[in-house]
Amino acid sequence: MVKMITDIKRERIVDILRNKEIGRKVSIYGWVKTRRDSKGGFSFLEINDGSCLRSLQVIADKSLSNYESEVLRLNVGSSVMVKGTIVASPGKKQDIELQAEEISVIGWADPAEYPLQKKRHSFEFLRTIPHLRVRTNTFGAVARVRNAISYAIHKFFQENGFIYVHTPIITGNDCEGAGEVFKVTTFDLSEIPKKEDGEIDFSEDFFGQKAYLTVSGQLEAEAYALALGDVYTFGPAFRADNSNTPRHLAEFWMVEPEMAFSGLERAIRVAEELIKYLFLFALENCREDIEFFNKFIEPANLKQIQKGIEQDFARITYTEAIEMLSKAKRQFQYPVEWGCDLKTEHERYICEEVFDKPTIITDYPKGIKPFYMKLNPEGETVMAMDILVPRVGEIVGGSQREDDYDTLLMRMKEQGVDPQDYWWYLELRKFGSAPHAGFGLGFDRFIQFITGISNIRDVIPFPRTPNSLGFLNRRVYGSDI
Ligand code: 4AD
Ligand code: MG
């Protein structure tokens, strides 16, 4: 039986460790990280409640009424309540500890089945237990950093007068062809209604037409920017590309500001300011977690974050990037020539080996970018920008948008996009059009950069990737389910 808790507010270990109030009586709730028993008839428990990386050391001695019956059975992963007094710790590792006066086991974890042990587990193994991996130091820290950065994103935009817009998750257009789309349907898949010519009859489906999960909130954000000025969306995006790489998810989170009466230069400035702001916020508010990553995951990340704050980002055009890549004294897997899309190896070469800091690349060939990007006057390149960072590659993609009705229509036709599907988007260029620009920051890739975690599957709670919906490789212990 799991015991009920009636306290309205739990006391958090992060506050107890910060305030160090020797002599104060507290009660904590959390999970056992470790237990060591000493011969002298007492035990050390490390209790973590998720409020911070550090655990609180609890001293439990045999005078506790349930010492033999419960405390000595307490295992890693069990949940407990401990009441006691904060005392100065004689140990070197901590200033304070909690002398237990009462320990109540809330939910025991059977050590024969609990998959997490004190030792380090591989990320691959932890991916098979996404419901439990958040109890490890690394995944707890990732969760806190994601939370802090989400808050900072809203704070940055709210402080700068941007309006938060909830763009739809289900859409009727495949939004810009940014990637393959997931289809949304309520059809019984074994009995899909067909028309006389054999085509699927979507008029019978839930929305009476084809529907998809959005790949980006941009197009709808543009509509709102052209009424509200500066807006942003921050939500999930879905891409069904069969990309099994350390930087692609089928479901990821994206921040997309969109700004009216603005050109590419403002979008670049806002992006650089946002990223610097988030770096600084992470250092000021998640110091312990970032230092943990620096120590155990990626020894370069702290230095790279600091550099990102202190130095201007590097800036080159696509054409200059191609020149640098052609002159590079190394072989790339994918050859480079003007007009080709930059692959991760190219992006990483530029921002790691050439500049060793965040790098902005502008003015890409129109052929490798979506129809909505504004053409440069010479007609071959578009007013686009990507921001690349070491270890990850592209974290931002953005552009000035085509605001001229006829040019946009022409570009759609050129790229084989059916203008009928985008009638409302075209109409924005008919009624009070204005120059506008925006970008998308890949939230999970940003978290990859600041944590130094190399695989994007390990920076999102429940990763969705081709052939993996998290619990597919379920480990079944007993025959009870
Ligand atoms: O460059 P992308 O495709 O740009 C857009 O979607 C635009 N509509 C954004 C805009 O202008 N409003 O995606 C933007 C960013 C990428 O730079 C990358 O960081 C991230 O989103 N991203 C992904 N992150 C994880 N998994 C994927 N499959 C991603 N695809 C893009
Ligand atoms: Mg892109």
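Numbering of ligands and ligand atoms starts at 1, following listing order. No hydrogens, no waters, no symmetry mates; every other heavy atom, side chains included, goes into these values.
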Short N or O distance, Val215 and ligand 1, threshold 3.5 Å exclusive: no
Distance-only N or O hit between ligand 1 and Glu258, under 3.5 Å: no
Should one rank [options] by closest heavy-atom distance to [atom], which comes out on top?
| atom | options | answer |
| --- | --- | --- |
| atom 11 (O) of ligand 1 | Arg401, Glu256, Lys369, Glu394 | Arg401 |
| atom 6 (O) of ligand 1 | Gln218, Glu251, Arg239, Met373 | Arg239 |
| atom 4 (O) of ligand 1 | Ala267, Gly442, Gly397, Ala437 | Gly397 |

Audit row: Phe371, Glu402, side chain to side chain contact (heavy atoms under 4.5 Å, CB included) steps and yes/no: CA-CA 8 Å; Phe371 65 88; Glu402 187 52 73; over 6 Å; no
Six-ring centre of Phe123, Arg120 cation under 6.0 angstrom, axis tolerance 45°: no
Residue-level breakdown please: for [X] versus ligand 1, do any non-hydrogen atoms fall below 4.0 Å on the side chain, on the backbone, on both, or on neither?
| X | answer |
| --- | --- |
| Arg247 | backbone |
| Phe252 | side chain |
| Arg464 | neither |
| Val396 | backbone |
| His248 | both |
| Trp253 | neither |

Residues Tyr372 and Gln218: side-chain donor-acceptor under 3.5 angstrom: yes
Side chains of Asn160 and Asp230, donor plus acceptor under 3.5 Å: no
Near the Mg ion (ligand 2) (cut-off under 2.8 Å), count of protein N, O or S atoms: 1
Where does the angle between the aromatic ring planes of [X] and [Y] fall among parallel (under 30°), tilted (30 to 60°) and perpendicular (over 60°)?
| X | Y | answer |
| --- | --- | --- |
| Tyr232 | Phe157 | parallel |
| Tyr422 | Tyr425 | perpendicular |
| Tyr318 | Tyr364 | tilted |
| His154 | Tyr164 | perpendicular |

Within-4.5 Å side-chain heavy-atom neighbours: Lys276 and Phe313: yes
Side-chain touch Ile149/Ile450, heavy atoms, less than 4.5 angstrom: yes
Can you list the ligand 1 atoms lying under 4.0 Å from a non-hydrogen atom of [X]?
| X | answer |
| --- | --- |
| Tyr372 | 7 (C), 8 (N) |
| Met254 | 6 (O), 13 (O), 14 (C), 15 (C), 21 (O) |
| Ile456 | 25 (C) |

Aromatic ring proximity, centroids under 6.0 angstrom, Phe234 and Phe443: yes
Result of checking Phe279, Phe252, Trp253 against Phe446 for ring pair (Phe, Tyr, Trp, His ring centres under 6.0 Å): Phe279
Phe238 near ligand 1 by a heavy-atom separation under 4.0 Å: no
Step-by-step side chain to side chain contact (heavy atoms under 4.5 Å, CB included) determination, Arg135 to Tyr114: CA-CA 12 Å; Arg135 297 190 192 181; Tyr114 189 61; 3.4 Å; yes
